[in-house]
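Below, each value reflects all heavy atoms present in this structure, side chains not excepted, and no hydrogens, waters or symmetry copies. Atoms within each ligand, like the ligands themselves, are counted from 1 in listed order.
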Amino acid sequence: MSQPITSKTALVGVMGWPLEHSLSPAMHNAAFAELGIDWAYLPLPVQPGAVEQALRGLMALNFVGTNVTVPHKQAVMRYMDELSDAAQITGAVNTVYIQDGKFIGSNTDPAGFLDSLREAGCHPRGMRVAVLGAGGAARAVVFALARAEADSVVVFNRTAQRAAFLVDDLADAFPDSRLSFEALTQKALAVLGSDVDLVVNTTSVGMYPHVDTCPWPEGVPIPANVLFYDLVYNPLETTFLARARAAGARAIDGLGMLVHQGALSLKMWTGHSAPVGVMRDACLRGLGIK
Ligand code: ATR
């Protein structure tokens, strides 16, 4: 049962544009109800160009903080008074905490990704990893893997130059990590063969409504002894993961990362350990699965 919102209710939310499909309000409000705390999480649709006004508004309205999603994760950075390492190095903020008139920006995506891997029984230390994609999500994943001391990370991207920039940026922060890049082509992935332990898709390929598309080229066999992880969670079973499972490989869907990055934001704002099972169920209901 959710509680009534009153003048005492602590407020947080998610800033993004558009926000119709965000699962975060349902996920966090379910967690607050489970914890029995007087908090509410609101969708905050903010048009591009209105980020500064929106942040000042949240401070004036005594919000405790906000999540930040597409397309504002970079735009909010310049208004932050403090930035966590993860936010600074990935160049993105997904969680703002408003404290004593200051905006504190962090990025819980990398640690959320690692928590979801560990929950699935995967410990990336010493692993050889291939990351598909070089956008914002890839930056969070490569940062997390480098910090967790993966043996090596190769970033494959359709636009190879973008992968080169990503590797270049993160190499400064992790001079001891083996980071490299390749064009995302049939040939490059075929050469990879089974010299890899974990493949992570961070591209939007396969996401609803383009559910029949797959970031792994049709002509390249899927090695059975490799773990495949898709950040896409709508649909939960992407064509990529279905192909991996059909080839006998283990596969992890993207819901774990959504839940765990949310759990870390919730902990930052409230101080409470998040009920991740309840949050996962709320997301599944939001996706029409449960
Ligand atoms: P996000 O912040 O979610 O990572 P993004 O920054 O827009 O989103 O990045 C999207 C990623 O998906 C990029 O790596 C993009 O490749 P390009 O850099 O070449 O654009 C990748 N991507 C999107 N559509 C793709 C497609 N049809 N084939 C291959 N890669 C695709």
Under 3.5 Å, side chain of His28 to main-chain N/O of Leu266, donor-acceptor pair present?
no
Numbering the atoms of ligand 1 from 1, which are under 4.0 Å from a heavy atom of Gly136?
1 (P), 2 (O), 4 (O), 6 (O)
Under 3.5 Å between some N or O of ligand 1 and some N or O of Leu184?
no
Please list, in number order, the atoms of ligand 1 under 4.0 Å from a heavy atom of Gly133.
14 (O)
Would Tyr229 and Ser116 count as having a side-chain donor-acceptor pair, cut-off 3.5 Å?
yes
Is Arg128 paired with Asp197 through a side-chain N to carboxylate O contact shorter than 4.0 Å?
yes
List in chain and number order the residues that pass salt bridge (Lys or Arg N to Asp or Glu O under 4.0 Å) with Arg162, two or more places apart in sequence or in another chain; answer none if no residue qualifies.
none
Validation row: Val131, Val153 side chains within 4.5 angstrom (heavy atoms)
yes
Nearest non-hydrogen protein atom, atom 19 (O) of ligand 1:
Thr159 OG1, 2.4 Å
Of all the non-hydrogen atoms in the protein, which one sits nearest to atom 9 (O) of ligand 1, and at what distance?
Gly135 CA, 3.5 Å
Atom of Thr9, atom of Ala40 and distance for their closest heavy-atom approach
CG2-N, 3.7 Å
I'd like to check Lys8 versus Asp38 (side-chain heavy atoms, cut-off strictly below 4.5 Å). Are they in contact?
yes
Which residue supplies the protein heavy atom nearest to atom 16 (O) of ligand 1, what is that atom called, and how far is it?
Asn157 OD1, 3.3 Å
Per atom 24 (N) of ligand 1, closest listed option by heavy atom (His210, Arg139, Arg158, Lys73):
Arg158
Selected option - heavy-atom contact closest to atom 23 (C) of ligand 1, from Ser204, Cys214, Ala137
Ser204
Regarding ligand 1, does Ala138 bring an N or O atom to under 3.5 Å of one of the ligand's N or O atoms?
no
Ligand 1-proximal atoms of Val205, by part, heavy-atom distance under 4.0 Å
side chain
If we only count N/O pairs under 3.5 Å, is Arg162 in contact with ligand 1?
yes
Can you list everything that forms a salt bridge (Lys or Arg N to Asp or Glu O under 4.0 Å) with Asp168? Sequence neighbours excluded, please.
none
Between the candidates Thr203, Val70, Leu166, Asn201, which shows the shortest non-hydrogen contact distance to atom 11 (C) of ligand 1?
Thr203
